[in-house]
Visitor: 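Take this structure first; my questions come after.
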Amino acid sequence: MKFVIGIGGVTNGGKTTLTNRLLKTLPNCCVVHQDDFFKKPDQIQVGEDGFRQWDVITALDMEAMINTVKGWQENPIKFARSHGVSLSPEAEESDSEQKGIHILIIEGFLIYNYKPLIDVYDKCFYISIPYEECKRRRGTRTYTVPDPPGLFDSHVWPMYLKHRKDMDNNCNRIEYLDGMATKEDIYNAVYKTIQNSLLNNL
Ligand SMILES: Nc1ncnc2c1ncn2[C@@H]1O[C@H](COP(=O)(O)OP(=O)(O)OP(=O)(O)O)[C@@H](O)[C@H]1O
Ligand SMILES: NC(=O)c1ccc[n+]([C@@H]2O[C@H](CO)[C@@H](O)[C@H]2O)c1
């Protein structure tokens with residue numbers, strides 16, 4: 001059985017933290033990070049506000065991301081091996097994805113804002129945190145291209161609000177998570193929900 005989990009959410013909501021924990025505990029679990037599909041800085045448009053527009057879907061090579069997801073769907077065993085994911089003894093032995101469970105986590109800030117991806121998910125999660133905490137956490141981070149002063153208020157947060165509205169209209173199967181809860185509580189709640197879903201899908 002194949003099972004795809006979406007972990008979406010606002011920037012610095014805790015998506016990577018949650019994903020990394022799930023990767024350690026879910027069996028035969030691979031991941032696709034949306035951030036790995038950002039285009040090069042010179043391909044990112046500069047907006048009227050003078051900032052490079054990173055927080056829009058066209059800043060990402062979504063076709064390449066979809067192809068990566070398709071690669072997993074076509075052969076999760078091969079995908080796991082080529083991405084250094086260790087498989088359970090059962091999965092290794094059977095060499096057939098029909099036996100056992102193969103899980104893919106798709107993690108990113110705009111994973112529910114791209115139509116071709118919407119139908120891929122078996123389970124959708126979304127982490128949000130309030131403005132103040134988001135700005136604080138973001139200030140502690142350095143991306144491959146560091147945030148210029150003012151980017152958060154001019155671009156990042158307004159784009160988040162816009163995409164959040166679009167997303168709520170696009171997808172009605174999302175489970176919302178409070179990113180202000182502890183890492184442990186968020187993980188436990190999500191793990192339990194996934195376990196129940198997997199049991200219902202068997
Ligand atoms: N539940 C939590 N409580 C407090 N801090 C948290 C929690 N989850 C994550 N953090 C912290 O918030 C910061 C961002 O976390 P993380 O990298 O997991 O977020 P993200 O959603 O993947 O961010 P982005 O995609 O924007 O890079 C990190 O410093 C992390 O330790
Ligand atoms: N990973 C990157 O290349 C990169 C470069 C510039 C900005 N970002 C930020 O990543 C966040 C999504 O995780 C977005 O809010 C981007 O601003 C990422």
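None of the values given here were measured: they were computed from a predicted structure. Order of appearance sets the numbers: ligands from 1, and atoms from 1 within every ligand.
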Visitor: Supply the atom-to-atom distance Asn113 CG to Gln34 CD, rounded to the nearest 0.5 angstrom.
Guide: 8.5 Å
Visitor: Would Val85 and Ile106 show up in the same hydrophobic cluster when neighbours are defined by side-chain heavy atoms closer than 4.5 Å?
Guide: no
Visitor: Identify the closest protein heavy atom to atom 6 (C) of ligand 2: which residue and atom is it, and at what distance?
Guide: Trp54 CD2, 3.3 Å
Visitor: Decide, yes or no, whether a salt bridge links Glu132 with Lys135 under the criterion of side-chain N to carboxylate O below 4.0 Å.
Guide: no
Visitor: At a 4.0 Å threshold, what atoms of ligand 1 neighbour a non-hydrogen atom of Gly14?
Guide: 8 (N), 9 (C), 15 (O), 16 (P), 18 (O), 19 (O), 20 (P), 21 (O)
Visitor: Run the contact test for Gly9 against ligand 1 with a 4.0 Å cut-off on heavy atoms, strictly below, and give the result.
Guide: no
Visitor: Indicate, as side chain, backbone, both or neither, the part of Ile127 found under 4.0 angstrom from ligand 1 when only non-hydrogen atoms are considered.
Guide: neither
Visitor: For Tyr131 and Asp153, which I'm curious about, is there any donor-acceptor pair between the side chains at under 3.5 Å?
Guide: yes
Visitor: Can you list the atoms of ligand 1 that are under 4.0 Å from a heavy atom of Thr11?
Guide: 26 (O)
Visitor: Heavy-atom distances under 4.0 Å decide this one: backbone, side chain, both or neither, for Lys40 against ligand 2?
Guide: neither
Visitor: Within the 4.5 Å heavy-atom criterion, are Val145 and Phe38 side-chain neighbours or not?
Guide: no
Visitor: Is Asp35 close to Thr16 at the side-chain level, that is, under 4.5 Å between some pair of heavy atoms?
Guide: no
Visitor: Counting only heavy atoms, which portion of Lys183 has something under 4.0 Å from ligand 1: side chain, backbone, both, or neither?
Guide: both
Visitor: Report, in ascending order of atom number, the atoms of ligand 1 lying under 4.0 Å from any heavy atom of Val10.
Guide: 21 (O)
Visitor: Report the nearest protein non-hydrogen atom to atom 3 (N) of ligand 1: residue, atom name, distance rounded to 0.1 Å.
Guide: Arg137 NH2, 3.5 Å
Visitor: Under 4.0 Å from a heavy atom of Lys15: give me the atoms of ligand 1 that qualify, with their elements.
Guide: 18 (O), 19 (O), 20 (P), 21 (O), 22 (O), 23 (O), 24 (P), 25 (O)
Visitor: Do Met167 and Ile174 have side-chain heavy atoms sitting under 4.5 Å apart?
Guide: yes
Visitor: Can you label the angle between the Trp157 ring and the Tyr160 ring as parallel, tilted or perpendicular, going by 30° and 60°?
Guide: tilted
Visitor: Classify the contact between Phe109 and ligand 1 as side chain, backbone, both or neither, using a heavy-atom distance cut-off of under 4.0 Å.
Guide: neither
Visitor: Less than 3.5 Å apart, any donor N or O on the side chain of Tyr126 or Asp168 sitting next to an acceptor on the other?
Guide: no
Visitor: Pick, from Thr16, Asp55, Leu177, Thr17, the option with the minimum heavy-atom distance to atom 9 (C) of ligand 1.
Guide: Thr17
Visitor: Identify, for atom 3 (O) of ligand 2, the protein heavy atom at the shortest distance, and state residue, atom and that distance.
Guide: Thr144 OG1, 2.7 Å
Visitor: Which heavy atom of the protein is the closest neighbour of atom 1 (N) of ligand 2, given with residue, atom name and distance?
Guide: Phe38 CD1, 3.5 Å
Visitor: Side chain or backbone of Arg138 under 4.0 Å from ligand 1, or both, or neither, by non-hydrogen atoms?
Guide: neither
Visitor: Between Ile111 and Met65, is any pair of side-chain heavy atoms under 4.5 Å apart?
Guide: yes
Visitor: Give the atoms of ligand 1, by number and element, whose distance to some non-hydrogen atom of Thr182 is under 4.0 Å.
Guide: 1 (N)
Visitor: Examine ligand 1 and decide if any of its atoms is less than 4.0 Å from a heavy atom belonging to Ala181.
Guide: yes
Visitor: For residues Leu60 and Tyr114, determine if any side-chain heavy atom of one lies less than 4.5 Å from a side-chain heavy atom of the other.
Guide: no
Visitor: Enumerate the atoms of ligand 1 whose separation from the nearest heavy atom of Gly179 is less than 4.0 angstrom.
Guide: 1 (N), 2 (C)
Visitor: Is the charged tip of Arg138 near the ring of Phe152: under 6.0 Å from the six-membered ring centre and within 45° of its axis?
Guide: no
Visitor: Atom 17 (O) of ligand 2: which protein heavy atom is closest, and how many Å away?
Guide: Asp55 OD1, 2.5 Å
Visitor: For Tyr112 and Tyr121, run ring-ring contact (aromatic ring centres under 6.0 Å, His included): C-alpha distance rounded to whole Å, both residues' side-chain angles, the deciding distance at 0.1 Å, then the answer.
Guide: CA-CA 10 Å; Tyr112 305 124; Tyr121 308 110; 5.1 Å; yes
Visitor: Nearest heavy atom to atom 17 (O) of ligand 1 wins, so pick from Met180, Arg141, His33.
Guide: Arg141
Visitor: Return the closest protein heavy atom for atom 10 (O) of ligand 2 as residue, atom name and distance.
Guide: Tyr143 CE2, 3.6 Å
Visitor: Taking only heavy atoms of Tyr143 into account, list the atoms of ligand 1 that are under 4.0 Å away from them.
Guide: 24 (P), 26 (O), 27 (O)
Visitor: Could you tell me whether the side chain of Thr17 reaches within less than 4.5 Å of the side chain of Ile186, counting heavy atoms only?
Guide: no
Visitor: Hey, is NZ on Lys70 packed in by over 12 heavy atoms from elsewhere, all under 6.0 Å?
Guide: no
Visitor: Is there at least one protein heavy-atom neighbour under 4.0 Å from atom 29 (O) of ligand 1?
Guide: no
Visitor: Got the closest protein heavy atom to atom 13 (O) of ligand 2, with its distance?
Guide: Asp35 OD2, 2.7 Å
Visitor: At a 4.0 Å cut-off, with the gap strictly under it, does some heavy atom of Arg138 reach an atom of ligand 2?
Guide: yes
Visitor: For ligand 1, which part of Ile186 has a heavy atom less than 4.0 Å away: the side chain, the backbone, both, or neither?
Guide: side chain
Visitor: Return the residue, atom name and 0.1 Å-rounded distance of the protein heavy atom closest to atom 14 (C) of ligand 1.
Guide: Asn12 OD1, 3.2 Å
Visitor: Which donor-acceptor pairs under 3.5 Å do side chains of residues 40-48 form with protein atoms, sequence neighbours excluded?
Guide:
| unit_1 | atom_1 | unit_2 | atom_2 | d |
| --- | --- | --- | --- | --- |
| Gln43 | OE1 | Lys40 | N | 3.3 |

